[in-house]
> 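For reference, the structure I am asking about is given below.
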Amino acid sequence: MSNSTDTDDKAAEIRRLMATEGSAIEENTKGFNEKRKQAVTGLENYEELRTRAREIKEDAIDRLPELIEDLRASIEENGGHLYLADDAADANRYVREVVAEENADRVVKSKSMTTEELDVNDALEADGIDVVETDLGEWVVQLADETPSHLIAPAIHRSRESIADLFAETFDPEDPPETADELTGFARERLGELIRDADVGMTGANFVTADTGTMALVTSEGNARKCAVTPDTHIAVAGVEKVVPSTDDLSPFLELLARSGTGQDLTAYVSLLTPPVDSPTLDFDDDETPLSERDSDREFHLVLVDNGRMAMREDDQLRETLYCIRCGQCSNSCANFQHVGGHGFGGETYSGGIGTGWEAGVEGLDTAAEFNDLCTGCSRCVNGCPTKIDIPWINTVVRDRVNRGEAPEGTDFLVEGLTPDEEPGGLDIDKRLFGNFETLAKLGSATAPVSNWLADTAPARWALERVAGVDTRRDLPEFERETLVDWFDRRASTVPDPTREVVLYPDVYTNHVQVERGKAAVRALEALGVSVRVPSVPSSGRAPLSQGMIATAEDHAHDVYGRLAEHIDAGRDVVVIEPSDLAMFDREYERFLPEASVERLQAHSYEIMEYVYGLLENGADAAALRGGDEAVAYHAHCQQRTLGLDAHTVTVLEDLGYDVVTSDVECCGMAGSFGYKSDYYDLSMDVGDDLAEQFTATDTRDREVVASGTSCLEQLDALLSRRPTHPIQLVAPR
Amino acid sequence: MATTTTTLSTFEDALDSLGVDCTRTTVEAFATTLDGIVRDPAVGVPLPFNIEYPESVAVDPTAADLERAATGVTPASLGVANYGSVLLPSTADGTEPVSLYPELHVPVVRASDVVPGLPEAIDHFGEVAGDRAESTIVATGPSATADMGALVLGAHGPETVHVVMLDE
């Protein structure tokens, strides 16, 4: 549970990382992210490739034991060795034995996250072996005795200046290198000497094909090529999930990997090695023998590592993690990652959104729990994942398991108590508070305005922070005495001959706090000739889901569907104001409801401005809405953008005459309850600053600010002096 | 293999955008063309095409020659038009190290061996990987790193690539 010491430590660590590593991380990840967007836009069959990549991974993981045996046969036929290691200790023992047999003094390595996971360097160094990382970024991390801060760019947290300082301190060179060219030259020269006389080369593998025993290594610097062929012995280390059936399966991954990661079309080198390779062995002191006359007597060992992966394969929720090809897209596109990097948003080895799944499967829940809260479920990583992994869902599942503090796939709990949820007794108070926001809101409205006065008193805020981790610097939501549903009940419908019938979904915030935007939605819809109903419907389950309370969220899904199904059958459309609730219907409900039910709900649900857009397209009279030539600055909601629904708002506003500028930041930083929590307040505000900057620039600072999401509106309210509104309030007749 | 003119111009455009020079030549003009491209000292792997190396290139070098070389000339089994890639087979006479160690790499690819896209190239590779356990490098532009704070060409591998496209 939250206690103030833990919170101080966590908040302080996040502040430290933002101050020391934040700016380098931010510049690099945002650069990668922008280049990725451009690169995939230029790829005509991008979605087709993603679908194919997903299919290949699903099939490969499904048939993994059989594929590993095929691979063993292929590798042995080629003259190499395959070792299937149960865990890190087993893998390291095998590697040490091979290295000892070669009487090796030095092992040169190319970048491999799997060897990071195993701590193979420590194991070899304990035997007195000189282990040298030859990827330039990885070498920097090794020299500084740090850990990689990103899946594909290990030293992304360091600026050029800090690398120059590190080289100067470590080597004390006569003419210290300073520019990127000089630093690269310095590293190349030193590492070249070390590779030249190395006894064993160690690499990872991005993909391994069972049919031919070929490994694909995706690199740029050329060090992996050198490590694989300069020493006579090559050890490749890879997780078992890297096995794919055939060389025919490689091209979709190769076409997606670099684009998704750094935004390059292809990296400089894709090594397709079917070892032992035919290349001649290299002895640079040999001035006699032409290369063609040297032997190619090479040793090759592939160490395939289980280390929890086979159990992940059996785990219906974590299995998808094994489809990850480690491109780093979910780190680059993540607003929180962009500000703290992998040293904060990461575990023992793996970082970013998918890092949670890896750490939970490989290390355990405790390690995953340390950073899992940094995923806000905003879903900005979802559409860019090359194998279509539902990364927010994996984070939610891990949070649920952490809450339950028990092994995966446990029995469902049913706890009767003060909080009407389905969660275990040990759940953190902050999570229980935010997860049961609906109950709180009902109580808040029933006792408003007294509840608002009381909640805002100093002792109450102090208690909220101490007990539930709610940061005192945040304004609390003010509950309206009259809910939207109550207001609507008291009024008569004013549409005589409606074109359509609508059920306006009264999400918790619209119903209890932002009641005005609900009223505006009713007025706008009625003005466009639509008959509106606002029945009492339970909250979508977004709040409990965001706290990892999956069983509670699922209960909400059943209740919401039960309350809406009859309306849908009666031909009514469901219109939703809060994008995160529509996203629940569209994404997470697929996990909770029968396929036919969720399809029916999805087919008849619309975001409010999407619906207005549809009405106008179908002949409704735009003059019924409030047009204007005002200049507005619009921030779409993260989940709304994932669903591709931001353009509708912009189009409607522009068609009504407004001059619209849109933000292009990934996230406002608030993300539901995230920004309220003392642990994350500073990070939330730091992320929000990106949006604030965009909306206080010369051409935006005088614009009226509109935003679609509740959280975004609250965050913008905190960030700007102007009070933001929902777009429906801008266009609805008064 | 029928390689169309469109495929070849796509290949040339892709190389151009990678900053890779491409010189097209004939069997007869090959030696003179190559002579104008290589930097001394230059080493080369025997080419499986019907051409002669110029005097300036030491064919089938020792490892020590290779370490001293400024240029490495190697065959490329295929070109990939849309990416500007070349496939460098790991042959027993050293295509892999000769294409990797010197600062300038000159891959020689037959115009008729340029395929439109990566899937076609991987198809070809799949056949030889299965039958003969072959290895190959798909090389796209010079070696590069961004780990030192800015993009630098020439990390551990060649800093410059100059493709020679051969009409047979």
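Small disclaimer: the values here were computed from a predicted structure and weren't measured. Chain identifiers are assigned alphabetically (A, B, ...) following the order of the sequence lines, protein sequences preceding nucleic acid strands; residue numbering begins at 1 within each chain.
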> Heavy-atom pairs under 4.5 Å with chain B are the metric here; pick the option from A:E189, A:R160, A:R188 that has the most.
A:R188
> Side-chain donor-acceptor pair under 3.5 Å between B:T74 and B:T95, yes or no?
no
> If you count heavy-atom pairs under 4.5 Å with chain B, which of A:S251, A:P276, A:S271 comes out on top?
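That would be A:S251.
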> For B:L88, is it the side chain, the backbone, both or neither that has a heavy atom under 4.5 Å from a heavy atom of chain A?
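Just its side chain gets close to chain A.
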> Determine whether the side chains of B:T160 and B:H105 contain a donor N or O and an acceptor N or O closer than 3.5 Å.
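Absent: no donor and acceptor within the cut-off.
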> Compare every heavy atom of B:G154 with every heavy atom of A:T184, then report the nearest pair and how far apart it is.
CG2-O, 3.9 Å
> Would you call A:D287-B:R68 a salt bridge at under 4.0 Å N-O?
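Counted as a salt bridge, because a side-chain N and a carboxylate O are separated by less than 4.0 Å.
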> For each of A:D248, A:T214, A:T289, tally heavy-atom pairs with chain B at distances under 4.5 Å, and name the one with the top tally.
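Option with the top pair count is A:T289.
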> So for B:T91, is it side chain, backbone, both, or neither that comes closer than 4.5 Å to the heavy atoms of chain A?
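Interface part for B:T91: backbone (N, CA, C, O).
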> Is the shortest distance from a Lys or Arg side-chain nitrogen in A:E138 or A:K109 to a carboxylate oxygen in the other one below 4.0 Å?
no
> Between B:V161 and chain A, which part of the residue has a heavy atom less than 4.5 Å away: side chain, backbone, both or neither?
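When you check distances to chain A, no heavy atom of B:V161 falls under 4.5 Å.
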> Using only atom types and a distance under 3.5 Å, with no angle test, would you say the side chain of B:S135 pairs donor to acceptor with the backbone of A:T274?
yes
> Go through A:L291, A:T247, A:T212 and name the one with the most non-hydrogen pairs under 4.5 angstrom from chain B.
A:L291
> Output the option from A:E77, A:R196, A:E161, A:E288 having the highest count of non-hydrogen pairs under 4.5 Å with chain B.
A:R196
> How about A:T29 and A:N332: does a side-chain donor come under 3.5 Å of a side-chain acceptor?
no
> Given that the side chain runs from C-beta out, which part of B:D123 has a heavy atom under 4.5 Å from chain A: side chain, backbone, both or neither?
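Only the side chain of B:D123 comes within 4.5 Å of chain A.
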> By a 4.5 Å heavy-atom criterion (distance strictly below it), what part of B:S17 contacts chain A: side chain, backbone, both, or neither?
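No part of it gets close to chain A.
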> Quick one: which of A:E182, A:E27, A:K226 has the most heavy-atom pairs under 4.5 Å with chain B, could you say?
A:K226
> Going by an N to O cut-off under 4.0 Å, is there a salt bridge joining B:R110 and B:D167?
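Not counted as a salt bridge, because no side-chain N and carboxylate O are separated by less than 4.0 Å.
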